[in-house]
Colleague: 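I am attaching a structure below and will ask some questions about it afterwards.
Order of listing sets the numbers, starting from 1, for every ligand and every atom in it.
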Amino acid sequence: MSTAYEAFQVFEQEATAAIEAARNVADLEQVRILFLGKSKGRLKDLQSELGKATPAERPAIGQAFNEMKLRVTQLFDTRVEVLSRPESQPRDFDVTLPGNLPRLGREHPITQTIEEFKEIIGRFGFTVDDGPELEDEYHNFDALNIPKDHPARDPLDNFYLAAAKTANGQPILLRSQTSTVQIRVMERTRPPVRIVSVGRVYRPDEIDRTHHQMFHQMEGLMVGEGVTMATLKSVLKMFAAAYLGEDVEIRFRPSFFPFTEPSVEVDVRWRDGWLELGGAGMVDPQVLENVGYDPEKITGFAFGLGIARFCMLRHGIDDIRLFYENDLRFLKQF
Ligand code: PHE
């Protein structure tokens with residue numbers, strides 16, 4: 001009787017080894033024929049051991065046989081499944097062919113532009129600073145010398161939050177300009193200051209090819225002794241040349257901002273056209289005083305540039321809305 005159990009054990013060991021050694025589905029089929037085949041398989045021979053058992057022995061031997069058979073067939077089925085997967089198939093492998101590169105995503109064109117801006121302006125000694133997108137009226141308006149009755153404060157021209165107020169009950173709005181960061185940086189540092197801040201700003205404008213209700217600005221601020229309009233123009237010219245190429249010109253047109261004096265609109269000429277890049281000017285002495293700087297000792301300039309405009313100019317994009325539609329056919333081109 002023990003011979004039957006021994007025979008089962010030997011069969012199981014050999015069948016297991018053969019199944020595990022099979023390298024492909026064809027190998028495995030040979031193993032199946034040899035061990036489990038209905039007509040000549042070794043399993044069939046083992047079954048005859050069952051026939052030799054006495055009626056008393058038969059239930060236990062039968063059970064052992066069935067359990068052993070189940071283990072072997074389960075292992076077999078698992079291996080068939082594994083070796084049938086495409087990646088287990090052996091194939092002719094040509095090492096000279098290019099590999100299958102994984103398809104990676106990429107950064108949004110606006111993000112790419114921001115990264116490049118930071119890198120360029122960093123070469124001129126500007127570090128990157130940051131401020132909140134949710135602002136109080138002090139930083140968005142008051143400290144920037146924007147009086148209470150200024151039209152820029154109109155609730156219809158700003159996104160005021162209906163559901164939240166500052167700790168002392170003042171209104172909160174989505175910042176309408178990154179100039180807020182000028183104040184926040186000067187509040188916490190002493191001159192000299194040389195920073196940029198890049199981020200989103202929000203205005204409830206009519207959305208069209210050149211306007212969106214959320215857009216990106218790069219604010220620049222340089223404060224110290226002997227900072228002039230000439231410094232401002234040089235920085236902007238070098239910056240534009242680094243981004244667009246050497247063949248650029250910068251033009252200032254007189255303008256007005258409550259927080260700069262004098263104030264200018266900045267245009268750049270590139271290839272055949274002039275493009276308005278944003279506003280700039282010398283930091284108003286009142287603003288310097290608001291943050292505790294001494295306007296008798298130091299001066300500064302500030303600028304605020306539209307990020308998308310540069311990106312659109314360089315790539316010939318004619319509609320700002322494309323940036324926010326998440327159409328891969330557009331985004332994949334960058
Ligand atoms: N904050 C101004 C705007 O959004 C731009 C600006 C920045 C002008 C800094 C002057 C100085 O239009």
Colleague: According to side-chain hydrogen bond (donor to acceptor under 3.5 Å, both in side chains), does anything in residues 231-243 pair up with another residue at least two apart or in another chain? List the pairs.
Modeller: Thr228-Thr231
Colleague: Would you tell me whether Glu187 and His139 have side-chain atoms, one donor and one acceptor, within less than 3.5 Å of each other?
Modeller: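 Short answer, yes.
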Colleague: Give the residues near ligand 1 by chain and number, with the criterion being a heavy-atom distance under 4.0 Å.
Modeller: Gln177, Ser179, Gln182, Arg203, Gln217, Glu219, Phe257, Phe259, Thr260, Gly279, Ala280, Ala302, Phe303, Gly304
Colleague: Distance-only, no hydrogens or angles: does the His212 side chain make a donor-acceptor pair with backbone N or O of Ile320 under 3.5 Å?
Modeller: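 Not confirmed, His212 side chain does not pair with Ile320 backbone.
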Colleague: Are Leu144 and Phe301 linked, directly or through other ILVMFWY residues, by side chains that come within less than 4.5 angstrom of each other?
Modeller: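 The answer is no; the residues belong to distinct hydrophobic clusters.
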Colleague: Between Tyr202 and Glu133, is any side-chain donor less than 3.5 angstrom from a side-chain acceptor?
Modeller: yes
Colleague: Using a strict threshold of under 4.0 Å (side-chain N to carboxylate O), is an ion pair present between Arg184 and Glu135?
Modeller: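 Answer for the salt bridge query: yes.
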